[in-house]
Amino acid sequence: METKTGIAKAAWGNTDGKEVFLYTLTNAKGVQVKITNYGGTVTSWVSSDKNNKVSNVVLGFDSLSGYLAKPPYFGAIVGRYGNRIAKGKFKIDGAQYTLATNNGVNHLHGGNKGFDKQVWDATIANDSIASLQLSYVSKDGEEGYPGNLKVSVRYTLTDDNELKIEYTAETDKATPLNLTNHSYFNLSGDVANTILDESLLIDADNFTPVDSSLIPTGEIKTVKGSPFDFTKATKIGARIDSVKGGYDHNYVLNKKDTSLTKAATLTDDRSGRTLEVFTTQPGMQFYTGNFLDGTIKTSQGAGIQKHAALCMETQHFPDSPNEPKFPTTILLPGQKYHSITVYKLSITK
Ligand code: BGC
């Protein structure tokens, strides 16, 4: 692997009349994360396993065409509102807003052309630091959202194999905002393996149950005594058959403030890899790739099957704009949105 620490830029095509680039972030250990300004997408995260075998731990494609075919948010920045808003409707101060509905009757992940399908502006502050700054201006009315929103995402790959994602935003009208990264992880580094043998711990005593269209019922429910309990490290496949469709739920993290705390630990015995998730956010969507069905192919041509990878999307709770009991997601003019999520990869020999 190339070992020069820093960031390199390569042309990666065009869409919407804009140039798309692929940035390679390399740390002092030779670990590489590739990110494109199309959708602010992490396309690969390549590291050695316990046997020094180098492989990619996230779902992604080698070329822009894979992303233009609209895979389900592989590695992308999701916004303006990550996850669902019931029927695409909400009110702010009595004013009714209607968003694009792109998931049955509901709004999902920002609508028809969310942040994952936009070409972001990218800046390399200093090419010897593995850090990339992306920015995007979402116009008033885009996908039905109020206000011009300026959003920035800074990705940094540290020498401790942490991928740090820092989000900031400002608006000129009150708007719901819920930003996340939608990377799909498979720590074995081989999508032919499912993630059912990987073990997960989520620091959450509660989750938000959903109705049949995956909208929270409003209840904050204990995980105790149910297949949703990951408070102790448990194999993902151990109880997945008793969860209809598989896991696709928001966990209410055990935290009282917005400090950066550990939300989850994912481990894979085959590769010896561990991935820890830290966040300032109150929730995390645990999604086991239930809607993957083999139709989407990797760049090497293999069909990506159900449960081939999983997502740990740090977030505010789905449908918060319609659930007064959930922490607010409304960003007001004059406020500065700021959140941090860190994914840390390590090897246990
Ligand atoms: C959602 C799933 C959805 C997936 C799309 C997840 O965040 O919770 O329901 O199918 O994203 O990739």
Checking D159, T158, I165 against E162 for side-chain contact (heavy atoms from CB on, under 4.5 Å), the one that qualifies is T158
Is it true that a side-chain atom of [X] and a backbone atom of [Y] form a donor plus acceptor pair closer than 3.5 Å?
X    : Y    : value
N56  : S44  : no
H338 : T168 : no
N322 : K89  : yes
T329 : L177 : no
T180 : T314 : yes
D203 : A263 : no
N37  : G40  : no
K297 : G294 : yes
D319 : A86  : yes
N148 : D140 : yes

**Prompt:** Should K53 and D190 count as an ion pair when the cut-off is N to O under 4.0 Å?
**Reply:** no
Pair [X], [Y]: side-chain N/O donor-acceptor within cut-off below 3.5 Å:
X    : Y    : result
N102 : N112 : no
T279 : T341 : yes
R273 : S55  : yes
S320 : Y81  : yes
N103 : N106 : no

Which heavy atom of [X] sits nearest to which heavy atom of [Y], and what is that distance?
X    : Y    : value
L345 : S47  : CD2-OG, 3.5 Å
I129 : I7   : O-CG2, 3.5 Å
R154 : Q133 : NH1-OE1, 2.9 Å
S271 : D49  : O-CB, 3.3 Å
Q315 : P282 : O-CD, 3.6 Å
L310 : L266 : CD2-CD1, 3.8 Å

Y67-F61 aromatic ring centre distance below 6.0 Å |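 For Y67 and F61, the ring centres are under 6.0 Å apart.
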Mind checking the [atom1]-[atom2] spacing from [X] to [Y]? Nearest 0.5 Å is all I need.
X    : Y    : atom1 : atom2 : value
L108 : T101 : CG    : OG1   : 11.0 Å
L214 : R84  : CG    : CZ    : 4.5 Å
I304 : L59  : CD1   : CG    : 5.0 Å
K150 : T171 : NZ    : OG1   : 10.5 Å
E198 : T274 : CD    : OG1   : 10.0 Å
N14  : E19  : CG    : CD    : 6.0 Å

Under a single-linkage definition using a 4.5 Å side-chain heavy-atom cutoff for Ile, Leu, Val, Met, Phe, Trp and Tyr, are [X] and [Y] assigned to the same hydrophobic cluster?
X    : Y    : value
W45  : L22  : no
I35  : Y38  : no
V153 : F21  : yes
I77  : L132 : yes
I195 : I240 : yes

Can you find a pair of side-chain heavy atoms, one from [X] and one from [Y], that are under 4.5 Å apart?
X    : Y    : value
Q305 : D293 : no
H249 : K221 : no
Y97  : T175 : no
T26  : T5   : no
T41  : D116 : no
F74  : P72  : yes
V57  : Y343 : no
T267 : T348 : no

Can you check ring-ring contact (aromatic ring centres under 6.0 Å, His included) on H107 and F90, steps first, answer last? CA-CA 11 Å; H107 176 85; F90 62 91; 8.6 Å; no
Are D268 and R270 close enough, and set up right, to give a salt bridge (charged side-chain N to carboxylate O under 4.0 Å, His left out), and what steps lead you there? CA-CA 6 Å; D268 174 58; R270 292 163 292 199; 2.9 Å; yes
Whether Y251 and F228 hold their rings parallel, tilted or perpendicular, with breakpoints at 30° and 60°
tilted
Quick note, side chain to side chain donor-acceptor pair (under 3.5 Å) partners involving residues 231-246, not counting sequence neighbours, are D229-T231
Write out all pairs satisfying ring-ring contact (aromatic ring centres under 6.0 Å, His included) with one or both partners inside residues 262-294, taking only residues at least two apart or from two chains.
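Counting only pairs at least two positions apart or across chains, the ring-ring contact (aromatic ring centres under 6.0 Å, His included) contacts touching residues 262-294 are F230-F286, Y247-F286.
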Take atom NZ in K70; do more than 12 heavy atoms of anything else shown fall under 6.0 Å from it? no
Exercise for review: Tell me, with the steps shown, if T288 and V243 meet side chain to side chain contact (heavy atoms under 4.5 Å, CB included).
Suggested key: CA-CA 11 Å; T288 43; V243 179; over 6 Å; no
TODO: Decide yes or no on side chain to side chain contact (heavy atoms under 4.5 Å, CB included) for T208 and I220, but give the supporting numbers first.
DONE: CA-CA 5 Å; T208 51; I220 306 267; 4.1 Å; yes
Test ring pair (Phe, Tyr, Trp, His ring centres under 6.0 Å), reference F115, set Y136, Y145, Y73, output is Y136
(Q) Using the rule given for side chain to side chain donor-acceptor pair (under 3.5 Å), can you reason through T261 versus S259, listing the C-alpha separation, both sets of side-chain angles and the distance that settles it, and then say yes or no? (A) CA-CA 6 Å; T261 55; S259 56; 5.1 Å; no
Worksheet item: Taking it one step at a time, do N83 and N250 satisfy side chain to side chain contact (heavy atoms under 4.5 Å, CB included)?
Response: CA-CA 10 Å; N83 217 284; N250 170 63; over 6 Å; no
* Apply side chain to side chain contact (heavy atoms under 4.5 Å, CB included) to L134 and Y155, showing your working. => CA-CA 8 Å; L134 298 170; Y155 282 107; 3.7 Å; yes
